[in-house]
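Encoded as structure tokens, the structure appears first; notes follow it.
We count ligands from 1, going down the list as the structure has it; atoms in each ligand are counted the same way.
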Amino acid sequence: MTGTMNLRSRAHLLGCVLGLRSLALVLWGIPGARALDNGLAMTPTMGWLHWERFMCNTDCEEDPDSCVSEKLFMQMADLMDSEGWRDVGYEYLCIDDCWMAPQRDSKGRLQADPKRFPGGIRRLADYVHGKGLKLGIYADVGKLTCAGFPGSYGYYDIDAKTFADWGVDLLKFDGCHFDTLVDLADGYKYMSLALNRTGRSIVYSCEWPLYMMPFRKPNYTEVREYCNHWRNFADIYDAWQSVKSVLDWTSSNQEKIVDAAGPGGWNDPDMLVIGNFGLSWDQQITQMALWAIMAAPLFMSNDLRQISPQAKALLQDKDVIAINQDPLGKQGYRLRKEDNIEVWERPLSDFAWAVAMVNLQEIGGPRFHTISLASLGGGLACLPACLITELLPVKGKLGFYEWTSSLKLRINPTGTVLLRLDRTN
Ligand code: GLA
């Protein structure tokens with residue numbers, strides 16, 4: 001693949017000069033790839049990630065079914081295969097923090113905790129690949145991971161090679177415990193190049209902007225050149241308050257981040273918590289709909305062994321997933337907010353649009369909202385007419401509408417109505 005070759009030669013060049021700051025600055029000036037050119041994440045990555053639901057549970061004696069162990073990942077792999085998750089697109093089964101042994105091995109390599117991962121990561125990767133899935137792993141740019149396990153600082157090449165040797169397909173690279181902002185930026189860049197040098201296709205999931213933000217404005221053009229997706233905002237948790245804060249941050253910063261997204265590189269608003277404990281049904285619908293509008297990577301963090309048929313159907317909704325995975329790859333944005341109703345829209349391929357209306361009023365019952373179709377898609381979404389399909393909360397064709405008409409919808413408190421508009425001639 002030429003993209004890989006380009007990046008590889010750039011990697012080599014950069015690797016040689018990373019210490020020589022002035023020379024490196026000259027090189028940064030050379031126009032490079034606009035997106036990380038590894039051919040991956042052409043649509044937002046989909047999969048499962050253990051963190052929000054299982055956190056750093058290492059106590060397999062007390063809690064054998066929910067501790068971070070190879071058994072947990074093998075069970076999830078089995079279900080992703082047998083319960084239709086892989087078939088609708090959830091492909092990457094990802095390990096987060098707390099998989100490691102507290103020390104590197106005698107050759108300086110990371111190793112999995114021998115009690116919890118007795119077969120080692122290589123064997124787990126084989127197992128996961130055998131189910132037609134891909135394996136993701138976690139490491140940290142600094143001296144320690146966020147939970148205090150060995151960090152990759154000073155070991156980027158060794159770690160990249162170790163992951164490639166094991167057959168890993170995605171790296172979530174966290175940003176705890178870095179010393180300086182220069183270390184943070186150089187570390188994220190260096191690891192991107194080191195992964196590429198291994199020759200293995202490894203999706204690179206960053207948190208660089210999140211850790212940069214308190215000190216300096218992230219340069220998204222640069223982030224996109226090195227990462228397949230990047231976190232911008234605090235960790236999600238299983239509550240409406242958290243989902244709401246992600247949406248609020250995203251719409252408040254949309255001028256800065258929306259244009260940075262596209263095939264090969266995506267803003268990552270963090271995991272889907274659908275199927276857990278904290279969100280009402282309407283709030284789960286809101287998360288699914290808005291993660292589709294935001295072209296977000298879809299990493300579920302839930303327990304696939306115990307998930308309600310309703311949550312499963314929502315997460316496996318092919319029409320909503322199709323919006324998330326739309327090949328045009330343009331992230332949606334908030335169009336307006338009126339009287340606690342937000343209208344979001346996203347351009348899709350074939351001149352179609354997705355539109356989401358969220359009712360943020362938390363008092364009272366369902367509210368009606370009337371939307372003029374001429375106000376959508378810069379006036380073009382329904383010109384001269386369109387077929388409107390409701391995808392959430394209830395699937396069904398609403399019919400053909402003229403550009404001049406309007407649409408009245410009922411939206412539950414903290415819920416969302418998600419529509420698809422297909423233009424007709
Ligand atoms: C950070 C990340 C989370 C998770 C934890 C693990 O907080 O943002 O997504 O990976 O570390 O310790």
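By the criterion of a heavy-atom distance under 4.0 Å, the side chain of D174, and not its backbone, is placed next to ligand 1.
Any N or O atom pair closer than 3.5 Å counts here, and D270 shares no such pair with ligand 1. Considering backbone and side-chain atoms alike, W51 places every N or O at 3.5 Å or more from each N or O of ligand 1.
Ring-plane geometry between W230 and Y220 is classed as tilted, the angle between the planes lying from 30 to 60 degrees on a 0 to 90 degree scale. Note on ring orientation: taking the six-membered ring where Trp is involved, the planes of F173 and Y204 are tilted (angle from 30° to 60°).
The stretch residues 266-285 participates, sequence neighbours left out, in these salt bridge (Lys or Arg N to Asp or Glu O under 4.0 Å) pairs: R231-D270.
In the model, Y237 has no side-chain atom that pairs as donor or acceptor with a side-chain atom of E52 under 3.5 Å. No hydrogens or angles considered: nothing links the side chains of N359 and N340 as a donor-acceptor pair under 3.5 Å.
The protein heavy atom nearest to atom 12 (O) of ligand 1 is D97 OD2, 2.8 Å. Shortest contact from atom 3 (C) of ligand 1 to any protein heavy atom: D235 OD2, 3.4 Å.
Atoms of ligand 1 lying under 4.0 Å from any heavy atom of K172, numbered from 1 in the order shown and given with element: 3 (C), 4 (C), 9 (O), 10 (O). Of all the atoms in ligand 1, the ones that sit under 4.0 Å from a non-hydrogen atom of C146 are 1 (C), 11 (O), 12 (O). Less than 4.0 angstrom separates some heavy atom of R231 from each of these atoms of ligand 1: 8 (O), 9 (O). Atoms of ligand 1 lying under 4.0 Å from at least one heavy atom of E207, given by number and element, are 2 (C), 8 (O), 9 (O).
Geometrically, R104 engages Y155 in a cation-pi contact, judged by NZ or CZ lying under 6.0 Å from the ring centre and within 45° of the ring axis. With a 6.0 Å cutoff to the six-membered ring centre and a 45° limit on the axis angle, K143 counts as a cation-pi contact of Y153.
When L210, D140, D268, D96 are ranked by how near their heavy atoms come to atom 10 (O) of ligand 1, first place goes to D96.
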